[in-house]
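One structure below.
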Amino acid sequence: MVGKFFLCMLTKQEISTISKRYDERLELEGDWAKVGYVSNKSQLLRFQVLSKIAQLVGKPFHQASVLDVGMGLGGFYQYLLEQGQVPRHYSGVDILTKMVNLAQQKFPPEQFPCVTFEKANILCHNLRPANYVICSGALTPRVTNNKKYFISMIGRMIELATFGVACNFLTIRCTKPKPELFYYDLKIIKQWVGETISANHQVYFHDNYHPFDVTMFVIKKITG
């Protein structure tokens, strides 16, 4: 069910624009390039930071389930696999059909029975909750109202997570911004979070690992 946070849906035109941009990138060499990173090192750095959510919560990934929002080609699952932290169940969702198809080919169900990929928009589809919800890059597209989009996405991810959320986004510290991407002001993000999230959850920001990338961690209260 849609909650109080969920105010902003991507329009058909916005989804079409995003889809076209990634269709063009799929012709590039390297999974990291196909999903929009400037290098493999840049992608791995973000995955390393996102994975710190397990340390903050105190529950390793191999004892948990993961929902990867905007999973692309399943890069975060590949990272966990290489770290020996394969989740009990990993579910990747993306709004782009080609990404889902390629991820399914990369991680076929007969070899990876605890891995699923699905075309879905978390703002309007019912999804199975997971212990950890991870989001790398899905907050970066420039849309009609990025404030509402950000709050909508974060709110929905919090609803779907039982332990916590780790997500990253670009900031205005970028010196060479691209017009199709949105760069957030961290001070304003903290204000939005303070108004909508911080009263009920622990929120942390990690902003010293990359010149213009920030990771936000939301830790939910675990009872029982």
Side-chain angles (χ1 to χ4, degrees), residues 22 25-122 125 127-140 153 157-158 160-169 204 206 209-210 213-220 222:
Y22 281 99
R25 288 175 176 167
L26 289 176
E27 302 300 322
L28 301 174
E29 291 293 328
D31 285 0
W32 53 269
K34 289 178 170 64
V35 295
Y37 290 101
V38 297
S39 68
N40 185 52
K41 181 179 178 180
S42 176
Q43 184 183 41
L44 288 176
L45 175 62
R46 287 170 169 87
F47 289 165
Q48 289 168 4
V49 175
L50 288 165
S51 68
K52 293 181 183 295
I53 185 73
Q55 298 173 25
L56 291 171
V57 170
K59 194 79 168 180
F61 281 105
H62 72 269
Q63 296 178 7
S65 58
V66 172
L67 172 62
D68 189 354
V69 177
M71 88 288 164
L73 300 177
F76 187 69
Y77 178 78
Q78 180 70 47
Y79 171 78
L80 293 178
L81 185 65
E82 293 172 355
Q83 298 300 309
Q85 285 290 321
V86 177
R88 290 179 175 175
H89 184 268
Y90 167 94
S91 176
V93 297
D94 205 294
I95 60 173
L96 305 179
T97 302
K98 289 185 178 180
M99 289 291 185
V100 174
N101 291 341
L102 289 170
Q104 289 172 337
Q105 293 172 23
K106 186 176 179 181
F107 301 101
E110 59 270 18
Q111 296 180 33
F112 300 90
C114 295
V115 176
T116 60
F117 297 102
E118 177 184 1
K119 181 182 178 181
N121 182 335
I122 68 166
H125 289 100
L127 297 172
R128 177 182 177 182
N131 298 137
Y132 294 115
V133 176
I134 306 295
C135 178
S136 186
L139 298 174
T140 61
M153 289 287 285
M157 287 190 279
I158 290 172
L160 288 167
T162 59
F163 291 172
V165 174
C167 62
N168 54 33
F169 52 89
Y204 304 95
H206 190 356
Y209 62 94
H210 187 277
D213 198 90
V214 172
T215 296
M216 184 173 81
F217 302 100
V218 181
I219 312 302
K220 298 187 71 173
I222 302 174

Shortest non-hydrogen contact from [X] to [Y]?
{"X": "S51", "Y": "Y79", "result": "OG-OH, 3.8 Å"}
{"X": "L50", "Y": "F217", "result": "O-CE2, 3.8 Å"}
{"X": "H89", "Y": "C114", "result": "CD2-O, 3.3 Å"}
{"X": "A130", "Y": "V66", "result": "CB-C, 3.8 Å"}
{"X": "A138", "Y": "G70", "result": "CB-CA, 4.4 Å"}
{"X": "A54", "Y": "P60", "result": "CB-CA, 4.2 Å"}

Using side-chain heavy atoms (C-beta onward) and a distance below 4.5 Å, is [X] in contact with [Y]?
{"X": "L80", "Y": "P87", "answer": "yes"}
{"X": "R128", "Y": "L67", "answer": "no"}
{"X": "V69", "Y": "M157", "answer": "yes"}
{"X": "K98", "Y": "Y22", "answer": "no"}
{"X": "L127", "Y": "E118", "answer": "yes"}
{"X": "Q48", "Y": "L45", "answer": "yes"}
{"X": "M71", "Y": "V100", "answer": "yes"}
{"X": "D31", "Y": "Q78", "answer": "no"}

Would you check if the side chain of [X] reaches a backbone N or O of [Y] as a donor-acceptor pair within less than 3.5 Å?
{"X": "K34", "Y": "L73", "result": "no"}
{"X": "T140", "Y": "G137", "result": "yes"}
{"X": "Q104", "Y": "F117", "result": "yes"}
{"X": "D94", "Y": "G72", "result": "yes"}
{"X": "S65", "Y": "R88", "result": "no"}

Regarding N168 and T215, is there a side-chain donor-to-acceptor distance under 3.5 Å anywhere?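 The answer is no; no qualifying pair exists.
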Relative to the ring of Y77, is the ring of Y90 parallel (under 30°), tilted (30 to 60°) or perpendicular (over 60°)? tilted
For the residue pair Y37 and F47, does the interplanar ring angle fall in the parallel (under 30°), tilted (30 to 60°) or perpendicular (over 60°) class? perpendicular
Kindly compute the distance separating [atom1] ([X]) from [atom2] ([Y]), expressed to the nearest 0.5 Å.
{"X": "R46", "Y": "H206", "atom1": "CZ", "atom2": "NE2", "result": "12.5 Å"}
{"X": "I158", "Y": "I219", "atom1": "CD1", "atom2": "CD1", "result": "10.5 Å"}
{"X": "T162", "Y": "N131", "atom1": "OG1", "atom2": "CG", "result": "4.0 Å"}

side-chain contact (heavy atoms from CB on, under 4.5 Å) evaluation trace for Q43 with V35: CA-CA 9 Å; Q43 184 183 41; V35 295; 3.7 Å; yes
Does E29, at its CD atom, have more than 12 non-hydrogen atoms belonging to other residues, nucleotides or ligands within less than 6.0 Å?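 No, because the 6.0 Å sphere around CD of E29 holds 12 heavy atoms or fewer from other groups.
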Give a yes or no on this: more than 12 heavy atoms of other residues, nucleotides or ligands lie within 6.0 Å of atom CZ of R25.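 Atom CZ in R25 is packed in, count exceeds 12.
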Please walk me through it: do L102 and L26 pass side-chain contact (heavy atoms from CB on, under 4.5 Å)? CA-CA 10 Å; L102 289 170; L26 289 176; 3.8 Å; yes
Hey, which of Y204, F61, F163 is the one that makes side-chain contact (heavy atoms from CB on, under 4.5 Å) with I53? F61
